[in-house]
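A short worksheet on the structure shown next.
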Amino acid sequence: MCGIVGYIGNKPVYPILINGLKRLEYRGYDSAGVAILGGEPKIYKRKGKVSELDEFAQGQDVEGTIGMGHTRWATHGEPNDVNAHPHMSQNGHFVLIHNGIIENYARIKRYLEHKGYVFQSETDTEVLVNLIEYVYIRGQVSIEVAVRYALSKVVGAYGLVIASPLMPDTLVAARKGSPLVIGIGDGEYFIASDATPIVEHTKSVIYLNNDNVAIIRRGELSLRTIDNDRLEPEVQTLDLGIGDIDKGGYDHFMLKEIFEQPRSIQDTFRGRVSAKHDDIRLGGLHHVMPKLLAAKRFIIIGCGTSWHAGLLGEYLFEQYARVPVEVEYASEFRYRDPLIFADDIIIAISQSGETADTLAAIQLAKKAGATVLGITNVVGSSIPRETDAGVYTHAGPEIGVASTKAFTAQVTVLTMMALMLGRRNGSLSQKDYELNIQELVQVPDKIERILQHNDLFRDIAARYKDSQNFLYLGRGFFFPVALEGALKLKEISYIHAEGYPAAEMKHGPIALIDENMPVVVIASRDKSYEKIVSNIQEVKARKGIVVAVVTEGDTIIREMADHVMEVPHTEPAMAPLLAVVPLQLLSYHIAVMRGCNVDQPRNLAKSVTVE
Ligand code: G6P
């Protein structure tokens, strides 16, 4: 997803912009550009990586102390040099970088063409910068007024930074729907689409709210609404360290994040599980507890990996709290005219807290009067602000595009919620509650044990790295894990993979099985163990290759399967948290061996802020 970085101060701006763009690479992008401002704008942009832009800009004039940079993830118009940002208006009065989508851009473009504007790119951003210029020239108003007026005519979402050579010491930043954060340094300001480019410079930040416009001059910032009402900026302190966004000695962010899971899961339950391990308290849900206990139905919404966590949430809530749950893809839910009742509880799950479809589904649920909760990783992102209550996952920044530690953190929160609700509504005895909590706190150590088998997982990966298709099978709690395992593989290695409920295999996928088809079966011990053993036999009878995730000490499956990946024994609620780890590592190694860009897979974005 697109990334923004801006700077105004006394230091050379170019290195700040390029480093900032590198920090934003994790979001996924296809082209990048910078504008050095302060006099006549110098704009350099390139399709491809930030390093290619840097190579191109070296040797050119990059002198200056004000500027903006952008990584673009194409929505309107293919990835190329021309469509890359920044965009300059026709008469050179304005330069703009923009995240989000201007929905009524086609109508505005036609209008401007009629007025003599000629467009170089296919982007909605070039339409917006020319609209601002048109308002400025035609309305004979100040630059600030032109920006605010033009933005009031725009339908859609934006996080943007705009500058003008007519007002050389100023940057204007505005937000509607697409996040922006401003870092306050010593006589200098940083602007970014998230805090990662800022954290190495300052910890003092201001998060812009929707319809906020910030006018930033050297050493001075004023904040207004789009209707020009003055606002008092609320300065917050970032709790993100530079170590949090570095690879920390690992080859890839994804590997680092997989190995961080013992700590990140601990961070998720830290302070929420009582010292005696006899209770779970989720402070963010405290004031809505009566509603949660009275609810007739929960609806969980999310996209991608967060949806998989949601599916697991359904199984956990139904099993431990005995309440009906529906799980919905946010994008389907919002367009289906769904039945939502005022006593429904909606749980929106999102790592980034910015996914456009999830946000839109939240709005729909709010309109219907339902209570909306968020399970989010990014503090201060849009979803926690839009919801009535919620729980942060506290997994720390996730940079790899393929989600790993955020998934296990989401599942940890859902497990805690299911157990807590089950105990509070009487479905779960105190004895079983405590047993589960005691198991939960042991999960980090058990994951450490799984991580020690990394070399074995790499060896298995080496054998099957050239396979064209994979099938992932699981039953009960392990079905969502099978889906997540398959998604990880296709996301980063580009191998076709499908997750299936193991018993459904007979109704279709079994036709695919032959001696070239690895079938990953999640078979750690639970009540469906005998049945999954039968499924393994069905695969073997058709000469399929079985890679099984089993409980430590399982000798039955070891004899049948081609390879086993062991996980420690635990209670059923915690088993998915363990079983997913070998699958993450299997995908990781396969992708590395195939030479794929693990942290930034092609066509994918970390945070999808467009519909
Ligand atoms: C993108 C990412 C996925 C993520 C999904 C939902 O597709 O590549 O990893 O699961 O968005 O994102 P969210 O931030 O809402 O969890």
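When a ligand or atom number is given, it counts from 1 through the structure's own listing order.
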Looking only at the side chains, is there a donor atom on one of Arg175 and Ser382 sitting less than 3.5 Å from an acceptor on the other?
yes

Val401 N/O under 3.5 Å from ligand 1 N/O:
yes

Please confirm whether Ser306 comes within less than 3.5 Å of ligand 1 when only nitrogen or oxygen atoms on both sides are compared.
yes

If we ignore angles and hydrogens, is there a donor and acceptor under 3.5 Å between the side chains of Asp599 and His252?
no

Would you list the atom pairs, donor with acceptor, under 3.5 Å between side chains in residues 339-347 and any protein atom, with sequence neighbours excluded?
| from | atom 1 | to | atom 2 | distance (Å) |
| --- | --- | --- | --- | --- |
| Asp344 | OD1 | Arg297 | NE | 3.1 |
| Asp344 | OD2 | Arg297 | NE | 3.4 |
| Asp344 | OD2 | Arg297 | NH2 | 2.6 |
| Asp344 | OD2 | Phe341 | N | 2.8 |

Do any nitrogen or oxygen atoms of Gln410 lie less than 3.5 angstrom from nitrogen or oxygen atoms of ligand 1?
no

When you compare the side chains of Asp388 and His287, does any donor N or O come within less than 3.5 Å of an acceptor on the partner?
no

Within the 3.5 Å criterion, strictly below it, is a donor on Glu386 or Gln363 matched to an acceptor on the partner's side chain?
yes

Are Glu484 and Thr305 close enough that a side-chain donor and a side-chain acceptor fall under 3.5 Å?
yes

Hey, does Ala605 come in under 3.5 Å of ligand 1, counting only N/O atoms on both sides?
yes

Does Cys303 have a heavy atom less than 4.0 Å from any atom of ligand 1?
yes

Ligand-residue contact atoms, ligand 1 with Gln351, heavy atoms, under 4.0 Å:
13 (P), 14 (O), 15 (O), 16 (O)

Test of understanding: given a 4.0 Å heavy-atom threshold, classify the contact between Lys606 and ligand 1 as side chain, backbone, both, or neither.
backbone

Distance from atom 12 (O) of ligand 1 to nearest protein heavy atom, with residue and atom
Thr355 OG1, 3.4 Å

Can you see which heavy atom on Lys405 is nearest to which on Pro397, and at what distance?
NZ-O, 3.1 Å

Would you mind running through ligand 1 and noting each atom that sits below 4.0 Å from a heavy atom of Thr305?
10 (O)

